[in-house]
2 protein chains.
Amino acid sequence: MKKQPVVNNTNICRTRINAIKDTMDILSGKWKFHILGTLMQGGKMRFMDLLREVDGIAAKMLSKELQDMEMNKLVNRTIQNTKPITVEYEVTEYGRTLERIIDEIAIWGIEYRKGLYEKNS
Amino acid sequence: MKKQPVVNNTNICRTRINAIKDTMDILSGKWKFHILGTLMQGGKMRFMDLLREVDGIAAKMLSKELQDMEMNKLVNRTIQNTKPITVEYEVTEYGRTLERIIDEIAIWGIEYRKGLYEKNS
DNA sequence: TAAACTAGTTTCCAATTGGAAACTGATACC
DNA sequence: GGTATCAGTTTCCAATTGGAAACTAGTTTA
């Protein structure tokens with residue numbers, strides 16, 4: 001008789017695992033955190049602003065990631081009636097609910113660097 | 001004259017961006033959160049236990065991800081002197097410092113699901 | 001008139017990720 | 001002797017990710 005899973009078989013646990021999967025799917029890829037972080041700090045920003053601020057990103061990626069996040073209601077896109085037309089992006093109120101996750105991740109990373117530094121000295 | 005980045009050019013911001021990058025590099029891939037979450041709940045677990053508990057993972061992946069996390073001191077590997085030999089994995093004290101991130105991510109994901117559910121009803 | 005800026009899209013390519021299945025080699029159970 | 005378990009490793013393959021560069025198309029400035 002084969003052994004069956006035990007730990008991950010409870011309802012609470014499955015819910016948790018699905019929740020983590022959902023969040024990480026939405027924030028997947030190399031750039032989402034960078035873009036979100038930049039937008040959170042910069043407020044309303046245009047496409048070319050983001051292209052300059054988010055270090056190393058290509059236009060294709062920026063475009064794709066913004067569309068992704070727009071679909072998930074994390075980011076808002078508004079076309080300004082200027083000449084030439086400009087497009088403004090900003091983090092939605094809903095997107096702001098990610099701030100705590102991003103903060104925790106940043107805090108952990110900072111402590112991690114400290115640890116590296118201490119070992120090497 | 002070309003425009004220069006402004007927002008992401010401050011020291012605080014660069015530190016933050018690097019910190020986020022560090023954390024996400026360490027937790028990259030499809031499985032780290034699952035494995036960590038399972039180990040946090042299950043305590044000491046053997047390779048085959050994890051293979052059963054972490055739904056869908058292949059042995060190759062599990063092996064690789066565990067090695068990865070062992071290198072980063074998130075997980076501890078001990079060979080038991082049994083016959084046949086068994087190997088125990090557990091989250092290190094350091095690995096436990098990731099609990100807050102994982103919690104925040106899980107909480108966000110749960111709220112996200114609630115949102116989807118409300119819209120569809 | 002040429003160059004630069006607006007916001008992207010398209011194409012082509014290389015690297016990475018990750019899955020399935022087979023394999024190892026020792027031990028233990030029936 | 002045959003099968004199953006332990007903890008992996010190896011190989012081969014397909015899909016995804018992401019980068020560079022060229023391109024669109026309209027507007028504006030020198």
Side-chain angles (χ1 to χ4, degrees), chain A residues 1-6 17 20-21 24-36 38-39 42 44-72 75-90, chain B residues 1-6 17 20-21 24-36 38-39 42 44-72 75-90:
Chain A
M1 178 153 152
K2 275 197 182 173
K3 282 189 191 171
Q4 291 296 315
V6 179
I17 286 170
I20 290 170
K21 197 174 171 313
M24 295 320 292
D25 281 354
I26 287 169
L27 298 176
S28 67
K30 197 176 165 184
W31 296 108
K32 300 239 170 60
F33 281 106
H34 289 298
I35 298 169
L36 274 177
T38 304
L39 273 177
K44 286 183 186 172
M45 295 179 74
R46 288 178 305 167
F47 187 84
M48 290 307 284
D49 289 337
L50 282 167
L51 206 53
R52 270 184 294 266
E53 295 287 340
V54 181
D55 197 38
I57 198 170
K60 187 186 81 171
M61 272 298 120
L62 181 57
S63 173
K64 205 209 82 193
E65 298 291 59
L66 284 170
Q67 279 173 30
D68 243 54
M69 294 194 285
E70 205 196 337
M71 277 204 315
N72 286 318
V75 160
N76 215 296
R77 179 178 184 271
T78 28
I79 300 167
Q80 301 302 110
N81 195 13
T82 54
K83 295 201 170 178
I85 56 149
T86 53
V87 178
E88 270 181 6
Y89 292 93
E90 64 179 326
Chain B
M1 179 154 153
K2 272 196 183 173
K3 282 189 191 174
Q4 291 296 314
V6 179
I17 286 171
I20 290 169
K21 197 174 172 312
M24 296 319 293
D25 280 353
I26 286 169
L27 298 175
S28 67
K30 195 176 164 182
W31 297 107
K32 300 244 169 57
F33 281 105
H34 288 299
I35 298 169
L36 274 177
T38 304
L39 273 176
K44 287 182 184 172
M45 295 180 75
R46 288 178 306 168
F47 188 84
M48 289 309 284
D49 289 337
L50 282 167
L51 206 52
R52 270 184 294 266
E53 295 288 340
V54 181
D55 197 41
I57 198 169
K60 187 186 83 172
M61 269 298 119
L62 181 56
S63 173
K64 206 209 80 192
E65 298 291 60
L66 284 170
Q67 280 173 29
D68 243 55
M69 292 194 286
E70 207 196 336
M71 279 204 313
N72 286 318
V75 159
N76 215 295
R77 180 179 184 271
T78 29
I79 300 167
Q80 301 303 109
N81 195 15
T82 54
K83 294 196 172 179
I85 56 151
T86 51
V87 179
E88 270 181 7
Y89 292 93
E90 63 178 327

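So you know, we letter chains A, B, ... as the sequences are listed, proteins then strands, and number each from 1. This one's a predicted model, so the numbers in the text were calculated from it and none came from an experiment.
Using a 4.0 Å heavy-atom criterion, one finds that Q67(A) contacts the sugar-phosphate atoms exclusively. If you check every strand for non-hydrogen atoms under 4.0 Å, K60(A) touches a base. Counting any heavy atom pair closer than 4.0 Å across all strands shown, G29(A) reaches sugar-phosphate atoms only and no base atom.
Checked against dT27(C), dC6(D), dT6(C), the side chain of K83(B) finds its nearest nucleotide in dT27(C). Side-chain proximity of V87(A) to dG19(D), dT6(C), dA7(C): nearest is dA7(C). Side-chain proximity of F47(B) to the nucleotides dG19(D), dG19(C), dA7(D) is greatest for dA7(D). With dT27(C), dT28(D), dA7(C) as the candidates, the nucleotide lying closest to the side chain of T86(A) is dA7(C). With dG19(D), dA7(D), dG8(C) as the candidates, the nucleotide lying closest to the side chain of A59(A) is dG8(C). Among the nucleotides dG19(D), dT27(C), dT6(C), the one closest to the side chain of M61(A) is dG19(D). When distances are taken from the side chain of R52(A) to each of dT6(C), dG8(D), dC6(D), the shortest belongs to dT6(C).
Atom P of nucleotide dC6(D) and atom OH of Y89(B) are separated by 14 Å, given to the nearest angstrom. Atom-to-atom, CD of Q80(B) to P of dG8(D) comes out at 12 Å; the value is rounded to the nearest Å. Going from atom CG of L51(B) over to atom C1' of dC6(D) covers 12 Å, rounded to whole Å. Rounded to whole Å, atom P of dG8(D) lies 12 Å from atom CD1 of I35(B). Taking atom NZ on K30(B) and atom C1' on dT16(C), their separation rounds to 14 Å, with Å as the unit. When rounded to the nearest whole Å, the span between CG of D25(B) and P of dT16(C) equals 13 Å. If you measure from atom CG of D49(B) to atom P of dG8(D), you get 12 Å, rounded to the nearest angstrom. Rounded to whole Å, the distance from CZ on R46(A) to P on dA7(C) is 6 Å.
Map E88(B) and A58(A) each onto its nearest nucleotide of DNA chain D; the residue landing nearer the 5' end is E88(B).
Within the structure, a side-chain polar atom (N or O) of R77(A) is placed less than 4.0 Å from OP1 or OP2 of dG8(C). For S63(B) and dT9(D), the shortest distance from a side-chain N or O to OP1 or OP2 is below 4.0 Å. Between K64(A) and dT9(C) there is no side-chain polar atom (N or O) within less than 4.0 angstrom of OP1 or OP2.
Using a 4.5 Å heavy-atom cutoff, the side chains of L62(B) and W31(B) are not in contact. Contact annotation: the side chain of V75(A) approaches that of L36(A) to within less than 4.5 Å [non-hydrogen atoms, C-beta and beyond]. At a threshold of 4.5 Å between non-hydrogen side-chain atoms, the residues I57(B) and H34(B) do not count as touching.
The minimum heavy-atom distance between K44(A) and E88(A), with the atom names listed, is CD-OE1, 3.1 Å. The two atoms that bring Y89(A) and L39(A) nearest to each other are O-CD2, 3.5 Å, heavy atoms only.
Salt-bridge formation is detected for the pair D25(A)/K21(A): a Lys NZ or Arg NE/NH1/NH2 atom is positioned less than 4.0 Å from an Asp or Glu carboxylate oxygen.
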